[in-house]
Amino acid sequence: MKIDLNCDMGESFGRYQLGNDADIMPHVSSINIACGLHAGDPMVMQRTVALAVTNEVKIGAHPGYPDLQGFGRRKMQFAPEEVEAFIIYQLGALQAFVSIAGGKLHHVKPHGALYNQACSDRALATAIARAVSLIDPQLILVGLAGSELLAMGARHGLPTAAEAFPDRAYNSDGSLMDRDLSGALVTDPQLIAQNAIRLAKEGLTINEVHHAIDTLCLHGDHPYAAETARIVKEQLRKAHVHVRPLLRL
C-alpha cells in the first residue's frame, strides 16, 4: 500500500515565525505552501519552495482567505467571483516562485475556513475548482473525503485527492471537529501514527459511504511536529504502507 503524507508549510510572516519546515520536510512526500493572504510572504514563499525543491518534495499551493489576523481560520463570506479571483491571485504568485526554482506546481489544497466551508458549500467549491482549472487543469485538487470540493473538482475535470487528518477528531457527518472543542486536536505522536495507519488501510465511512484516502495531512504548527512526522512515517512503513507523493497526470 502507499499513501501521500502532506504538511502545511511556509506559514511564517515577516518576523513572525511559525513551524519548523526544514526539520519536517524530510519526513513528508508533499507540502502545501501558504500564498500570502492568510500567512506567508514573498520571502517565506521563495525560501519554502527552494527547500522543497532541494528535498524533492512535491509542491502544492495552500490558498486561504485574506485574513492574516485570523490566520485564515475565521469564516468569511465572498461572492464566487471574488473567491475565484483571489485563488487565481495566490496560485499565480506561488507558481512564479516554483517556476523560477526549476520546479512544477503539483496540487492545490485550500486552507482553514476556506477548506472547511467548501466541504459543504457548492458555490464556494465551484469557485475554487474553476479557478484551479483555469490555472492548470492537471493540478490535483486536494479536499476532505466525501466533500463538495472534491465533487466540484471532478466536475471541472480536475484530478482529485481525498484527504484525512490523523491529528484531528471528526464529527459524525465526516466534517472536522471545531478546533475550540475539547479533544478536537490529537497531540500524542503514537496515537496520530495509529490513526494514520487506520485511515490509510481502512479509509473513512461517512454517512454509510466508504471513501478511500489518498493523502494524510499532518499539521506543522506545534513544537513536536517534526518528531511526529518522523514517527508517523516510520510506523506507516512498519505497517507496510509506503509514503509516496500523489501521481499527477
Side-chain angles (χ1 to χ4, degrees), residues 6 8-14 16 18 31-46 48-49 59-99 105-163 165 173-176 178-180 215 217 219 221:
N6 78 74
D8 305 338
M9 292 192 178
E11 295 178 323
S12 299
F13 183 84
Y16 174 64
L18 181 67
I31 63 168
N32 321 299
I33 300 178
C35 301
L37 291 192
H38 79 274
D41 64 31
M43 293 297 294
V44 171
M45 292 167 69
Q46 188 174 46
T48 310
V49 166
I59 300 171
H62 200 35
Y65 280 135
D67 181 25
L68 280 174
Q69 289 85 352
F71 194 63
R73 287 178 174 163
R74 298 184 292 192
K75 289 183 179 180
M76 305 183 80
Q77 298 296 327
F78 289 93
E81 57 268 25
E82 290 180 287
V83 174
E84 185 177 315
F86 69 61
I87 295 293
I88 291 171
Y89 174 85
Q90 292 176 85
L91 266 57
L94 183 64
Q95 193 174 51
F97 284 120
V98 174
S99 178
L105 195 61
H106 179 259
H107 63 276
V108 178
K109 172 188 163 181
H111 166 80
L114 179 64
Y115 179 103
N116 290 330
Q117 287 178 256
C119 287
S120 57
D121 186 326
R122 180 168 295 185
L124 183 57
T126 298
I128 294 169
R130 176 174 163 78
V132 174
S133 66
L134 288 171
I135 292 289
D136 183 350
Q138 292 186 324
L139 286 169
I140 301 168
L141 182 60
V142 177
L144 197 66
S147 67
E148 283 288 344
L149 181 60
L150 294 188
M152 293 305 102
R155 180 172 291 186
H156 282 75
L158 295 168
T160 61
E163 183 177 45
F165 296 80
D173 65 355
S175 61
L176 293 174
D178 191 295
R179 282 176 166 269
D180 294 332
T215 183
C217 177
H219 289 91
D221 55 349

- Item | Phe78 atom CZ, over 12 foreign heavy atoms within 6.0 Å | yes
- Task: Check the surroundings of atom CD in Glu81: do more than 12 heavy atoms from other residues, nucleotides or ligands lie under 6.0 Å from it?
- Result: yes
Euclidean distance, [Y] [atom2] relative to [X] [atom1], rounded to 0.5 Å:
| X | Y | atom1 | atom2 | answer |
| --- | --- | --- | --- | --- |
| Leu149 | Ser120 | CG | OG | 10.5 Å |
| Thr48 | Asn32 | OG1 | CG | 11.5 Å |
| Asn6 | Thr215 | CG | OG1 | 4.0 Å |
| Leu68 | Tyr16 | CG | OH | 10.5 Å |
| Met76 | Leu124 | CE | CG | 12.0 Å |
| Asp67 | His111 | CG | NE2 | 8.5 Å |

Answer yes or no: is there a side-chain heavy-atom contact under 4.5 Å between [X] and [Y]?
| X | Y | answer |
| --- | --- | --- |
| Gln117 | Gln77 | yes |
| His106 | Ile140 | yes |
| Pro42 | Phe97 | yes |

Contact summary for [X] and [Y], nearest pair of heavy atoms:
| X | Y | answer |
| --- | --- | --- |
| Gly60 | Leu94 | O-CD2, 3.6 Å |
| Ile128 | Ala118 | CD1-CB, 3.7 Å |
| Ala127 | Pro80 | CB-O, 3.5 Å |
| Leu150 | Gly143 | CD2-N, 3.4 Å |
| Ala34 | Gly40 | CB-N, 4.3 Å |
| Leu114 | Pro63 | CD2-O, 3.6 Å |

- Item | Test applied, side chain to side chain donor-acceptor pair (under 3.5 Å); reference residue, Tyr115; option that passes from Lys109, His62, Arg73, Glu163 | Glu163
- Going by the angle between their ring planes, with limits at 30° and 60°, are Phe165 and His219 parallel, tilted or perpendicular? parallel
- Qualifying residue, where the test is ring-ring contact (aromatic ring centres under 6.0 Å, His included) with His38 and the options are Phe71, Phe13, Tyr65: Phe71
- side chain to side chain donor-acceptor pair (under 3.5 Å) involving Glu84 - partner list, sequence neighbours excluded: Arg130
- Item | Counterpart residues, salt bridge (charged side-chain N to carboxylate O under 4.0 Å, His left out), relative to Asp136 (two or more places apart) | Arg248
- Message: Quick one: does any side-chain atom of Gln90 pair with a main-chain N or O of Gly64 as donor and acceptor, under 3.5 Å?
- Response: yes
- Look only at the side chain of Thr126 and the backbone of Arg122, and say whether a donor-acceptor pair between them is shorter than 3.5 Å. yes
- When you look at Asp8 and Cys217, which way does the side chain to side chain contact (heavy atoms under 4.5 Å, CB included) test go after all the steps? CA-CA 8 Å; Asp8 305 338; Cys217 177; 4.1 Å; yes
